[in-house]
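Throughout, a chain's letter reflects where its sequence line sits, starting with A, and its residues are numbered from 1.
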Amino acid sequence: MRHVFFFLFTTTLLSAQNLRLEVNADEVEMEVFMLYIGQISEHGDITYELYDLSAQSSFDLPYISSFVLGVDSVSQVLSSFEGVFDPLQGMYWTWQNGYIAVKMEGRYKGDDFVYHLGGFREPFVCYHALEVADHSLLTIDLDAFYESLPSDVSRHIMSPGSEAKNVFDTFVAHVSLD
Amino acid sequence: MYRWTKHRGKFLVFTLCAVLVYGVSQGERWFTPLAQPQVYDLDPPRYFGDMVYDLSSNPLTTEGIALGRALFYDPILSVDSTISCASCHSSYTAFSHVDHALSHGIGDTIGKRNAPPIQNVGWHKTFRWDGGLTHLDAQVMAPLHNATEMASNLPLVFERLRRSDHYPALFEAAFGDTSISTRRFIDALVQFQLILISDNAKYDSVRRGEAKFTAQEKKGFKLFKRNCASCHKPPLFMNNDFTSNNLPVDSSLIDLGRFHVTHRPHDSLLFKTPSLRNIEYTYPYMHDGRFKTIYEVLDHYNEHVMPLSHEEQTEIYAFLLTLSDYSFIRNPDFAFPR
């Protein structure tokens, strides 16, 4: 048994082949959608994968009860710079060290947005543990996520801080387990 | 440094024979270089204390350093192949950029901060004036990507390195094969920067008992210890921390320093305490290069930090000159590779 993690726009699946969606006159277009997800082993080690919507429509994960969204601070500071942590992947901030946890760029209801959500410094840490227990489906309704953002939140967030933390927290709050 | 021993000599002869036998068996590849890069022993003074950088994560080799040095001096790292690391970090001025208050990038773009010297970086816990980078490995990519510095990117640089007529061989010598990766690129550039150790100023000679301070330098050191050393702590003359010396904010740059990293109000206008080693060579001073001379700096301290008479300023100045390390700035091993 494995977990499957995928992304919805209301009830429609957002996929590598279907990055532009129109549902009930609401429009979303995802140009970039990438995020780090880590699997926590029994011994507490974390194995990271980098999910990229343009390459895969859903994310198939081993059946483990604990996951994290984002990257722990040790891996951020003492990076291997290899594999999923190679800056070539486009998730590394170069002007400071650390990795973007969730990267979303596109258009929602006609407005451009660029969300590079991340940061490992307190109190603006973008890192979230997910206890999934017996649930095997993890979904995020991006429509509900966008709609729940306060209207005064910037549509362009590209550095760590309180705004990135707020949007990240809203994002992870929309992970639902079935 | 690497020391020759009888035992190693025998080993080398054996290795050479083995390589030759292997080379002959490989037909035209009989010139195959020694497979193992030569270990480079760093020998900093004990009084520097433990290095912050974990050398076991990136063991120094002669070949790794040679590759890092070639990269450091190569303008192909910048998007239009015009500037190298050395453009803003010249060996002749302790790897700082004199005369330019703010860093100077491609197409004559001007950055927001004064390029700091590169010396004794293995003992730094953070990098940049705001400490936004907490590891030397991470520092490598900052100027490479900054739009007002090299404005470049790794895929572009790697493509150029792969096409070059000499880099594949340098990577092979340093890492065993010609493949070029982010990890290897970083490791080599870091290796070269780690050997840039300045430990031969007059201050060091005095510390080693080989020289004596003049009466004026001695008075200056006493004043320095009382007024300056809590932040500019000997022997590295820094404290790996952030502080304010009451500089008013520059109204055009609005640089809030550490605040830009932590977003905490009490970090506003704090900047990393720079090392004072080689201060004579690293003008202008402060994060925005606003002071051209050491006397302007001392004047500022007198007016805004601690009262210092003209005589005291002269004595501190005399002591600061004992931190100049001419052998460091003229070390041929650190200069442009010829």
Side-chain angles (χ1 to χ4, degrees), chain A residues 32 34 36 48 50 52 54-55 71-101 103 105 114 116-127 153-154 156-169, chain B residues 52-54 56-58 77 103 111-113 124-159 175 179-190 256 258-265 267:
Chain A
V32 179
M34 297 167 82
Y36 280 106
Y48 286 97
L50 179 58
D52 181 353
S54 68
V71 180
D72 69 284
S73 61
V74 174
S75 301
Q76 300 246 21
V77 175
L78 298 173
S79 174
S80 65
F81 295 111
E82 290 173 332
V84 296
F85 291 128
D86 193 323
L88 292 172
Q89 303 279 7
M91 295 294 273
Y92 186 74
W93 273 299
T94 54
W95 45 276
Q96 61 167 22
N97 51 344
Y99 290 86
I100 297 163
K103 189 175 190 178
E105 296 178 15
V114 178
H116 295 180
L117 312 173
F120 62 90
R121 289 182 174 87
E122 293 288 354
F124 308 120
V125 180
C126 293
Y127 181 68
V153 161
S154 170
H156 296 95
I157 300 174
M158 290 173 285
S159 54
S162 60
E163 275 208 309
K165 169 76 174 151
N166 288 342
V167 176
F168 179 80
D169 287 348
Chain B
V52 172
Y53 191 89
D54 177 10
S56 69
S57 70
N58 183 14
L77 267 58
S103 69
K112 288 186 170 170
R113 290 186 180 142
H124 286 243
K125 288 182 179 162
T126 60
F127 299 87
R128 288 169 56 103
W129 285 100
D130 56 23
L133 296 158
T134 55
H135 201 287
L136 182 56
D137 292 351
Q139 167 62 32
V140 167
M141 276 163 295
L144 188 92
H145 289 87
N146 189 308
T148 60
E149 293 180 55
M150 291 175 161
S152 193
N153 61 75
L154 292 173
L156 174 74
V157 172
F158 290 177
E159 179 56 28
F175 299 112
S179 82
I180 293 169
S181 67
T182 308
R183 181 77 261 171
R184 289 176 171 188
F185 179 77
I186 290 172
D187 283 351
L189 269 164
V190 165
L256 303 180
R258 185 73 178 149
F259 175 82
H260 293 301
V261 174
T262 66
H263 297 262
R264 291 187 297 207
D267 283 333

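From A:H156, atom NE2 reaches atom CD of A:E105 across 9.0 Å, with rounding to the nearest 0.5 Å. Taking OG of A:S162 as the reference point, atom CG of A:D169 lies at 11.0 Å (rounded to 0.5 Å).
Looking at A:F120, A:W93, A:Y48, A:F85 one by one, the single match for ring pair (Phe, Tyr, Trp, His ring centres under 6.0 Å) with A:Y99 turns out to be A:F85.
Within residues 125-135 of chain B, the residues approaching chain A closer than 4.5 Å by heavy atoms are, in numerical order, B:R128, B:G131, B:G132, B:L133, B:T134, B:H135.
Residue B:V140 does not touch chain A at all, counting heavy-atom pairs closer than 4.5 Å. In this structure, the portions of B:L154 lying under 4.5 Å from any heavy atom of chain A include both its backbone and its side chain.
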Return a table of donor-acceptor pairs under 3.5 angstrom between the side chains of residues 143-150 of chain B and protein atoms on other chains or two or more places apart.
residue	atom	partner	partner atom	Å
B:H145	ND1	B:M141	O	2.9
B:N146	OD1	B:T148	N	2.7
B:N146	OD1	B:T148	OG1	2.8
B:N146	ND2	B:E149	OE2	3.3

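Among residue pairs with one or both ends in residues 71-98 of chain A, none qualify as salt bridge (Lys or Arg N to Asp or Glu O under 4.0 Å); sequence neighbours excluded.
Not a single ring-ring contact (aromatic ring centres under 6.0 Å, His included) links A:Y127 to another residue, sequence neighbours left out.
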>> Walk me through whether A:F81 and A:Y92 qualify under ring-ring contact (aromatic ring centres under 6.0 Å, His included).
In response: CA-CA 9 Å; A:F81 295 111; A:Y92 186 74; 5.5 Å; yes
